[in-house]
Protein chains: 2
Amino acid sequence: MLKFALLGLLHYRPLTGYELKQIMDESTSNFWHAELSQIYATLKRLEQDGAVESHVEPQTDRPDRRVYNMTSAGQAALDGWLSTPVTKLQPGKDLVLLKLFFSAALSKEAVLAQLRLQRDLHRMQGDRYREHTTAYIQAMLDEYPHLTADGVYWEQTRRFGEMYEDMYVGWIDQAIQALEGAS
Amino acid sequence: MLKFALLGLLHYRPLTGYELKQIMDESTSNFWHAELSQIYATLKRLEQDGAVESHVEPQTDRPDRRVYNMTSAGQAALDGWLSTPVTKLQPGKDLVLLKLFFSAALSKEAVLAQLRLQRDLHRMQGDRYREHTTAYIQAMLDEYPHLTADGVYWEQTRRFGEMYEDMYVGWIDQAIQALEGAS
DNA sequence: ATTATCATGTAAAAGGTTACATGATTTG
DNA sequence: CAAATCATGTAACCTTTTACATGATAAT
């Protein structure tokens, strides 16, 4: 699926692997992320498959950049993927829940401490979606006005992040209460 | 991490790979799942590492069962893992959000149809947590009364599933409204 | 008759992380 | 003086999925 994330971003404008990583970290990392090494490897494969093309832009004071452009084949692949509905639920993974499931072996105080730590992290992440991500989307739309229609969708995914983190914090609050109650 | 999920379940009682799969599908699949082939492979590795032991129980009318028991080394590994706090947010992946992010290229009706489909799926999953999973936890506690303390934690993860699905449905409702509004 | 359940596994491929390697410029 | 940023990539490893293989019994 990473390949579609990359094609989706290259549909906006030509980008380097390094830039793709930066943009993903600011925008899609909420629901899709990747390491730089994986991005470079995937771009290579996309080029072999004819979905993207690249050329090197020499630079003097910085390392040369390899800029990727989408081909019409790549655009067709992206369109096909976008119009295929997801008809099943995607099973997720969450380490904290997995641990909690088996935490009867731990002292209650240890569990509560771990839950409070997670609550702080999710609170901070929620704030980040509210503040930083909102500003980032606005800055993108200011810089690239032709992407205004996309902004509506970006905002929906940002909003999901915000709601997810709020739900997570609320759940932890309830879990802490339930555990404290079950003294 | 699968290995800890397996150790966690084997801590309750000796189990076969097949049973581990069934139990995970009913309990942890909410936040951790695995295919049978991966479970068998992981059990093999756990045995090589000395965390579990196995013996074959011959059966006449059914295939023989290979039953796994946790060793004290396995118990120590599980305890160590459980008491190590998770200090970072786990980045998640969601195909639906990834697609939605890039959906400005699609017709609004196509997007709305995909969102409605997802809403149905998440509503059904929420109902499943409320009904089936609640009953499953109760049946487990009835059958294995010594796991009563664990039941509190199982219920918290079940509750997370319920809240997650409710949040997802609520988010889709809002997204549909936002898209319909932006005619 | 066909499908589901019980029960085991192997093998190949895909997807993803971590570590390594390089090297100049800029910021603190 | 150290760390971060820019910019590329390779290699090894780990995790996960999908496909294949077998074969009996029980249920629809």
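In the text below, chain A, chain B and the rest are named by the order of the sequence lines, each starting its count at 1.
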Show me the pairs that pass ring-ring contact (aromatic ring centres under 6.0 Å, His included) and involve residues 105-125 of chain B, at least two apart or across chains. B/His122-B/Tyr168
Using the side-chain contact (heavy atoms from CB on, under 4.5 Å) criterion, which residues pair with A/Gln114? Sequence neighbours excluded. A/Lys99, A/Leu106, B/Pro85
Rounded to whole Å, the CG-P distance (A/Leu43 to D/dG9) equals 9 Å
Which parts of residues 29-37 of chain B get close to DNA chain D, meaning a heavy atom less than 4.0 angstrom away? B/Trp32, B/His33, B/Glu35, B/Ser37
Enumerate donor-acceptor pairs with a distance under 3.5 Å from any side-chain N or O in residues 35-42 of chain B to protein atoms, sequence neighbours excluded.
{"from": "B/Thr42", "atom 1": "OG1", "to": "B/Gln38", "atom 2": "O", "distance (Å)": "2.7"}

Summary of side chain to side chain donor-acceptor pair (under 3.5 Å) pairs that have at least one residue in residues 71-91 of chain B, sequence neighbours excluded: B/His11-B/Gln75, B/Gln75-B/Asp79
By ring-ring contact (aromatic ring centres under 6.0 Å, His included) - contacts of A/Tyr68 (at least two apart): none
Quick one, which residues of residues 45-56 of chain A touch DNA chain C with a heavy atom under 4.0 Å? none
Can you list, by residue number, the residues of residues 1-23 of chain B that have a non-hydrogen atom closer than 4.0 angstrom to DNA chain C? B/Thr16, B/Gly17, B/Tyr18, B/Gln22
Pair A/Arg130 + A/Asp166, salt bridge at N-O below 4.0 Å: yes
Can you list the residues that meet the ring-ring contact (aromatic ring centres under 6.0 Å, His included) rule with A/Trp154, with sequence neighbours excluded? A/Tyr12, B/Phe101
Check A/Glu180 with A/Lys108, please: is the shortest side-chain N to carboxylate O separation under 4.0 Å? no
Think B/Lys93 has a side-chain N or O under 4.0 angstrom from the OP1 or OP2 of C/dG16? yes
Minimal heavy-atom distance between A/Leu82 and B/Phe102, with the atoms involved, is CD1-O, 3.4 Å
Please check the phosphate of C/dA7 (OP1 and OP2 only) for any side-chain N or O of B/Gln59 closer than 4.0 Å. yes
Hey, what bend do you get for the helix from C/dA1-D/dT28 to C/dG28-D/dC1 if you fit axes on five pairs at each end, rounded to 10°? 50°
Could you tell me whether B/Lys21 and B/Asp25 make a salt bridge, using a distance below 4.0 angstrom between a side-chain N and a carboxylate O? yes
Looking at A/Gln38, does any N or O in its side chain come under 4.0 Å of the phosphate oxygens OP1/OP2 on C/dT17? yes
Side-chain N,O (B/Lys44) to OP1/OP2 (C/dT8) below 4.0 Å: no
Looking at every non-hydrogen atom in both residues, tell me the closest pair between B/Ala34 and B/Met24 and how far apart they are. N-CE, 4.3 Å
Give the B/S/- string for nucleotides 20-28 of chain C, one per nucleotide from 5' to 3', where a protein heavy atom under 4.0 Å of the base yields B, of only the sugar-phosphate yields S, and otherwise -. ---B-SS--
Before accepting this row, confirm whether a basic side-chain N of the pair A/Glu162/A/Arg159 lies closer than 4.0 Å to the acidic partner's carboxylate O. yes
Test salt bridge (charged side-chain N to carboxylate O under 4.0 Å, His left out) applied to A/Glu19 and A/Arg65, step by step: CA-CA 10 Å; A/Glu19 286 171 326; A/Arg65 301 152 37 89; 3.4 Å; yes
Can you measure A/Arg66 atom CZ to D/dG9 atom C1' for me and round it to whole angstrom units? 10 Å
Short N-O contact, B/Arg128 and B/Glu26, less than 4.0 angstrom: yes
Between atom CZ of A/Arg13 and atom NE2 of A/His146, what is the distance when rounded to the nearest 0.5 Å? 9.0 Å
What integer distance in Å separates B/Glu57:CD from C/dT8:P? 10 Å
Just N and O in the side chain of A/Tyr40: are any of them under 4.0 Å from OP1 or OP2 of D/dG9? no
What residues, two or more places apart in sequence or in another chain, satisfy side-chain contact (heavy atoms from CB on, under 4.5 Å) together with A/Ser107? A/Glu109, A/Ala110
